[in-house]
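Take a look at the structure set out below.
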Amino acid sequence: MSSEHGGAIHSVLIENRSFPPSAEFASRARVGSIEEYERLWTRAKDDPEGFWGEIAACLTWSKPWSRVLDWQPPHARWFVDATLNAAENCVDRHCVGANRNKAAIIWEGEPGDRRVLRYQDLERETAKLANVLKRFGVRPGDVVAIYMPLVPEAVVAMLACARIGAPHTVVFGGFSAEALAGRIQDCGAKVLLTADGGWRRGKIVPLKEQADLALATCPTVENVIVYQRTAHKVGFEPGRDHWWHEVTAEASPDCPPVAVDSEHPLFILYTSGSTGKPKGILHTTGGYLVGCHATTGWVFDLRDDDTYFCTADIGWITGHSYVVYGPLARGATVVLYEGAPNWPDEARFWKIIEDYRVSILYTAPTAIRAFMKWGEQYPLRHDLSSLRLLGTVGEPINPEAWIWYQRVIGGGRCPIVDTWWQTETGAIMISPLPGATPTVPGSATRPLPGVVPEIVTKDGKPVPVGHGGLLVIKQPWPAMLRTLHGDDDRYRATYWSEIDGCYFTGDGARRDENGNYWILGRVDDVLNVAGHRLSTMEIESALVSHARVAEAAVVGRPDDIRGQAIVAFVTLESGQSPSEAVRQELRAHVVKEIGALARPDDIRFSESLPKTRSGKIMRRLLRDVAAGRETVGDTSTIEDFSVLARLRSDDEV
Ligand code: WT7
């Protein structure tokens, strides 16, 4: 199974190399053979309620369910009538017995400061903050917004909300004031938990400054609790703003978890769609937690003595499900790192793995491609022998990066789990089980138990093996989204109307003759930049909100490191002339409106945009131009697309 010897290059090129689990890994894994996986999968498909009813016993419930599933398409209720508390499941229940002194969070700040929170510490901090929230009038069902750096208190914030039944909405610290404001307005948050700043590449991320700008247009926020991280001077509004350390110092550490209905909202997390404003994905408590707990066990094979490092920020679904809820529900030790992977140098992750003897690493293809570019010398400087399992998520991983990850980081010894899922699915859907599934570079392989995918044409007909089509899911699963916050019509339209009776993922895929799934990327106008979904439409509306811009079209261009780069075609208002200064101004404007992750890599000025006769922008054509596939000469100069457009048919091709 070694990739370095005999024929490896040839096999890598044809991408059909298969790596069976080692006998050693399989013998210790929860699911130790492909036959066992297939038995589980078939059982779950044929008797989902029986299957999930048994799995759900992994959690501590306050009241049992009367029915496992009530499915009124497209609305599911899982564990009907049962009650539980997510924070109790992730914290309190580990505080009895030996685990109370186990490290729940091992944290490292970017400047090098370190802290360890044992399960007991996490319980105390969570209870205190929960009491503060209650004092500020937060009741079950009230939404709390979280806009924080990756410090342990960010996890405490999420769990404190869960403890009192207040759904949280975490907004990634890299988003701008405008993006934060839009999300707070949409969910009507009552309290904002934030920090003065965070550290990123040696600089302060001015979170409080952005929060203050956002709050000017967010009247629902009555109180702001500010964690002191950077200790630089920030604005403070008496009456509204409170220092975290001051209000929690006075709070009681005694706050019993509130048992909520299984379908009580646990959180709203915003993600981009192809049209309209960001979608507030709503996840509820029981099913979501069962899904996170089960998949963390199957996919990461998480054991009591593991040290688990997931590099995602809590602002993304990966941070929710596989930094916080999945691993903590299992009583695991989670490593949390605040900053950039190349600070102070490109060996930071490898140093963290060596220092804490990390055994499981979960990261993204875009990061792996950056590691490759930086060079093997950085990981080689460190002892990575503690690693036993590697994971990836966010976008398709190219086989070259997969093989590099396996060889250089995994020392040829660690299985790789390429996990396909979405903010909407809540938990991993398609992935190898490391002790059971032969892995294939570039393929997420097989659906997990309880997941029934199919690949279909636009009319919903299954495609033959080996053919590309639309990826749909045919049965409900516990961690599925329940609706879009405040917009159930859009929920139905986006996910349940494309293909009759199925959940539509928005991804293309094909299945090979071995039953392995190959994800082919988005089929809508959604970009995947560095593993994060960005809507072309949102970037376009940010651009046209600038006074100089008349019209804009945004497309993705293949990018070696980040998967896709953002290319904007812009038509200026008459009287405006293109220049480098205007280009910089527009890029800065998008950063202000959305955040640095949406900054266009390339802005091209054009007197007109290519459109069909019915007025639709011909994106396929723009994508070709952006990728340099065009045959119409140098596109770095201003060009007139109208000629090209007239050559095309009326349909968007
Ligand atoms: C989209 C979901 C799920 C957490 C991270 C992103 C793409 C995700 C994979 C993978 C190929 C992947 C899909 C999906 N994607 N994982 N292993 N292989 N593509 O969450 O922002 O909700 O994005 O990311 O296109 O639909 P998200």
Side-chain angles (χ1 to χ4, degrees), residues 170 172 174-175 267-274 278-283 288 291-292 295-296 299 310-326 362-369 390-399 401-402 405 416-432 437 439-448 451 453 468 470-473 479-481 484 494-495 498 503-511 516-535 538 556 562-564 597-598:
V170 183
F172 172 57
F175 276 123
F267 63 86
I268 298 165
L269 185 60
Y270 287 87
T271 188
S272 297
S274 52
K279 301 178 290 195
I281 308 293
L282 181 86
H283 282 287
Y288 172 78
C292 288
T295 52
T296 305
V299 176
C310 166
T311 66
D313 190 275
I314 54 144
W316 312 111
I317 190 67
T318 309
H320 282 60
S321 303
Y322 298 109
V323 173
V324 181
Y325 290 108
Y362 191 28
T363 192
T366 184
I368 298 165
R369 291 190 294 264
L390 304 174
T392 127
V393 61
E395 59 182 303
I397 181 166
N398 45 314
W402 194 104
Y405 195 31
I416 294 183
V417 287
D418 173 358
T419 62
W420 176 87
W421 58 297
Q422 308 177 297
T423 306
E424 292 86 344
T425 69
I428 297 170
M429 301 289 275
I430 303 180
S431 167
T437 318
T439 55
V440 184
S443 168
T445 72
R446 306 276 208 109
L448 296 192
V451 176
L470 307 174
L471 179 64
V472 299
I473 313 290
M480 67 191 278
L481 79 166
L484 295 179
T494 309
Y495 305 108
E498 294 281 334
Y503 168 81
F504 175 56
T505 64
D507 279 352
R510 89 185 149 81
R511 204 170 73 125
N516 289 323
Y517 285 79
W518 298 77
I519 309 297
L520 304 171
R522 306 289 309 181
V523 296
D524 51 19
D525 285 328
V526 172
L527 303 180
N528 189 320
V529 178
H532 300 304
R533 260 195 281 172
L534 287 172
S535 131
E538 271 171 90
R562 300 196 304 149
Q564 284 189 301
L597 69 175

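Ligands are counted one by one from 1 in listed order, and the atoms in each one are counted from 1 as well. Index from 1, following the sequence.
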As an exercise, identify every atom of ligand 1 less than 4.0 angstrom from a heavy atom of [X].
X	answer
T419	9 (C), 10 (C), 16 (N), 17 (N)
N528	7 (C), 24 (O)
V393	3 (C), 4 (C), 5 (C), 16 (N)
T318	4 (C), 5 (C)
R522	25 (O), 26 (O)
D418	10 (C), 17 (N), 18 (N)

Q.
Is E395 close enough to touch ligand 1? Criterion: a residue heavy atom under 4.0 Å from a ligand atom.
A. yes
Check for me whether G394 has a heavy atom closer than 4.0 Å to any atom of ligand 1. yes
Scan side-chain atoms only and decide if [X] and [Y] contain a donor-acceptor pair under the 3.5 Å cut-off.
X	Y	answer
S321	Y288	yes
S272	S535	no
Y322	T419	no

Please work out, at 4.0 Å between heavy atoms, whether the side chain, the backbone, both, or neither of [X] comes within that distance of ligand 1.
X	result
P396	both
I397	neither
T425	neither
Q422	both

Return the residue, atom name and 0.1 Å-rounded distance of the protein heavy atom closest to [atom].
atom	result
atom 21 (O) of ligand 1	R533 NE, 3.5 Å
atom 6 (C) of ligand 1	G531 O, 3.9 Å
atom 13 (C) of ligand 1	D507 OD2, 2.9 Å

Whether [X] side chain and [Y] backbone form a donor-acceptor pair below 3.5 Å:
X	Y	answer
E424	L481	no
T437	T439	no
Y405	G391	yes
E538	P278	no
H320	G426	no
D418	P441	no

For side chain to side chain contact (heavy atoms under 4.5 Å, CB included), just list the numbers for L269 and H283, CA-CA rounded to whole Å, side-chain angles, deciding distance to a tenth of an Å, and then say yes or no. CA-CA 8 Å; L269 185 60; H283 282 287; 5.9 Å; no
*Candidate pair N516 and R511, rule side chain to side chain contact (heavy atoms under 4.5 Å, CB included), full reasoning*: CA-CA 5 Å; N516 289 323; R511 204 170 73 125; over 6 Å; no
Min over W518, Y517, W421 of heavy-atom distance to atom 1 (C) of ligand 1 lands on W421
**ligand 1 N/O within reach of T423 N/O, cut-off under 3.5 Å** = yes
